[in-house]
Amino acid sequence: MTAIEARGLVKRYGHVTAVDHVDLTVRTGDVYGYLGPNGAGKTTSLRMLLGLIRPDEGSARLFGRDPLLEGARALEGVAGFVEAPRFYPYLSGRRNLELAAALDGGDAAERIDDALETVDLTSRASDKVRGYSHGMKQRLGIAGALVRDPRLLLLDEPTTGLDPAGMRDMRALVHRLAEDGLTVLLSSHLMAEVEDLCDRVAIVTRGRVVYEGALDELIASTSGRYDLRTTDDGPAAVIARRAHGIYDVTTSSRGLSFAADERAVAGLTLELAQAGIGLRALVPRTATLEELFFRMTESAPDGEPILVST
Amino acid sequence: MSAVAVRFRRPGVATVYAWEVRKLAAQKRTYIGLGCALLVPLIFITALLADDEGPEGIPFSDLVRETGLAIPLVGLYFAAFWFFPLITALVAGDIVATEDGNGTLKTILTRSVDRWQIFVAKVLAAFTYAFVALVLYVGVGLVIGGLIWGFDPLISLSGSQIPVDRSLSLIGGTVLAYFLPTMAVASLAILLSTVTRNSAAAVVATLMLSLIMQLLGIISALDFVRPYLLPAQFNAWQGLLREPIDWAPVIRASWVSALFAVPALAWAFTHFLRRDVAGG
């Protein structure tokens with residue numbers, strides 16, 4: 001079942017189009033990265049998914065239900081926070097969770113202790129939230145989401161403002177929740193975070209999605225260049241230049257570099273072996289997500305998706 | 001009932017209301033309002049003890065040193081000018097706007113309750129606070145005044161003596177009659193709180209509206225408007241303290257207050273239901 005299905009979402013503020021015909025498909029079980037620079041429209045999209053703001057065009061469905069049409073019923077099994085989790089500063093952490101659980105209904109209150117334990121806030125649960133650090137508020141936000149026993153977790157930049165240890169702990173927590181079977185939509189502008197946690201991504205810039213699909217496919221799509229070190233680089237370069245499907249061969253003190261598809265690379269290794277040249281290293285050189293991100297977000301022409309995979 | 005049904009049983013308005021009241025009970029602003037409602041009658045009584053003069057020319061002012069039952073009635077007369085609108089606006093003007101300011105509106109709107117439930121709960125919580133403040137204001141004046149000057153019978157505005165037990169019942173009725181325009185003021189404050197999303201602006205604007213209505217009421221050329229403005233409704237309780245009871249001002253207070261409250265709440269409700277929650 002599709003956890004999130006957004007089609008043609010548009011949100012305008014005066015002359016500014018914050019979200020421009022965004023399509024998103026998050027399948028059940030995905031850990032989905034929503035990646036874009038600040039101001040790209042990620043938070044606005046998330047607010048539309050949760051029914052907090054009305055799209056000017058398009059629609060969003062969570063497990064098949066539209067929050068604008070079905071209200072709170074559409075949010076059953078859905079939890080998370082946008083921008084930053086907010087709590088009543090004059091109430092304790094536990095009291096805030098009790099309030100959240102009361103508004104969730106059912107047996108949510110029974111999960112408060114476990115949620116506090118999961119985010120390691122049990123010892124500070126009785127303190128007023130106004131005394132919490134930023135990291136503690138972020139973790140309390142996760143606890144507030146877990147109280148709902150969600151199937152889908154929407155997290156908007158959950159590591160923003162955290163120190164390195166806090167970021168590591170937060171990522172570990174998201175990892176653990178994903179392993180427990182939760183579908184996660186993680187909005188972030190941090191490449192390492194998305195690369196570490198997500199299996200599918202949408203890259204958004206200036207309100208438009210410029211890529212949506214599997215992360216490994218995105219990275220693999222940019223491969224095609226290889227670094228080669230052999231027992232005898234000189235003759236190896238000659239063979240490579242003559243070989244079918246091998247292009248743009250360059251040599252340096254570190255060995256050879258060339259462009260080729262996988263089949264041609266396999267053929268080259270056989271030719272080198274037949275020539276008595278041994279392989280020391282053959283390494284595919286792929287672009288990092290960061291390189292791809294900048295390539296897409298800084299060069300995307302207005303109105304044209306660069307690449308959309310499904 | 002199945003486990004799944006239990007798990008997804010959604011909370012009702014009563015649950016949301018209970019938490020709105022708990023939130024009010026945890027905020028300093030609430031105690032400032034209730035504290036003022038408690039303190040002002042004490043100041044008034046202290047002033048009466050310190051000086052033999054006044055107050056003069058207002059209902060029951062000549063009884064304030066003869067029976068404690070007159071103290072809350074004189075207090076209600078004075079509070080109508082700006083004090084009770086301010087006490088009411090202090091919380092009602094804040095109740096939606098503060099959630100915007102703190103960013104907590106998105107927190108509660110992403111749980112299992114609908115927007116209308118939250119709005120209704122907030123209105124009821126604001127009314128509850130105003131009623132508690134009113135009861136406190138009248139109760140303190142009544143008890144402390146009674147302890148000092150005794151609980152002797154009131155003299156009605158028609159000149160007849162009202163037995164103590166009936167006087168107490170009528171003071172209870174007075175509180176209810178006073179609560180009618182108080183709810184109207186609270187409704188205006190809630191509208192301003194919802195639309196402006198700014199607590200201070202909503203509180204000040206509510207108070208200004210009350211004062212403007214006071215001013216309109218003292219312009220003789222606008223005498224025909226006065227019966228339909230809220231300040232006049234704050235004196236409707238005086239009809240209860242006539243023999244026989246004059247219900248006309250109370251009935252007018254009911255519909256005039258509704259005339260202010262219902263459109264204000266309808267506007268606020270529609271705005272709250274449809275608005276974007278983009279802050280926080």
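Below, chains carry the letters A, B, ... as their sequence lines are ordered, and counting in each starts from 1.
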Trainee: Let me know if B/Thr104 has heavy atoms under 4.5 Å from chain A in its side chain, its backbone, both or neither.
Mentor: both
Trainee: Would you say the side-chain atoms of B/Lys106 pair up with the backbone N or O of A/Ala84, donor to acceptor, closer than 3.5 Å?
Mentor: yes
Trainee: What part of A/Pro89 gets within 4.5 angstrom of chain B, counting heavy atoms only: side chain, backbone, both, or neither?
Mentor: side chain
Trainee: When you look at CD of A/Glu57, are more than 12 heavy atoms from neighbouring residues, nucleotides or ligands closer to it than 6.0 Å?
Mentor: yes
Trainee: For residues A/Leu99 and B/Lys23, determine if any side-chain heavy atom of one lies less than 4.5 Å from a side-chain heavy atom of the other.
Mentor: yes
Trainee: Can you measure from CG (A/Leu52) to CZ (B/Arg275) and round to the nearest 0.5 angstrom?
Mentor: 10.0 Å
Trainee: Is a donor on one side and an acceptor on the other found under 3.5 Å between the side chain of A/Arg86 and the backbone of B/Leu105?
Mentor: no
Trainee: Where does A/Lys11 contact chain B at under 4.5 Å (heavy atoms): side chain, backbone, both or neither?
Mentor: side chain
Trainee: Within residues 108-122 of chain B, which residues come under 4.5 Å of chain A, heavy atom to heavy atom?
Mentor: B/Ile108, B/Leu109, B/Thr110, B/Arg111, B/Ser112, B/Val113, B/Asp114, B/Arg115
Trainee: Between the side chain of B/Asp276 and the main-chain N/O of A/Arg54, is any donor-acceptor distance below 3.5 Å?
Mentor: yes
Trainee: Inspect the surroundings of CZ in A/Phe63 and state if more than 12 heavy atoms from other residues, nucleotides or ligands are less than 6.0 Å away.
Mentor: yes
Trainee: CG of A/Asp56: more than 12 outside heavy atoms within 6.0 angstrom?
Mentor: yes
Trainee: Find the one option among A/Arg73, A/Arg95, A/Met48 whose heavy-atom pairs under 4.5 Å with chain B are most numerous.
Mentor: A/Arg95
Trainee: Which atom names give the shortest non-hydrogen contact between B/Pro11 and A/Leu103, and what distance separates them?
Mentor: CG-O, 3.3 Å
Trainee: Starting at CG of B/Asn102, measure out to OH of A/Tyr88 and round the result to the nearest 0.5 Å.
Mentor: 8.0 Å
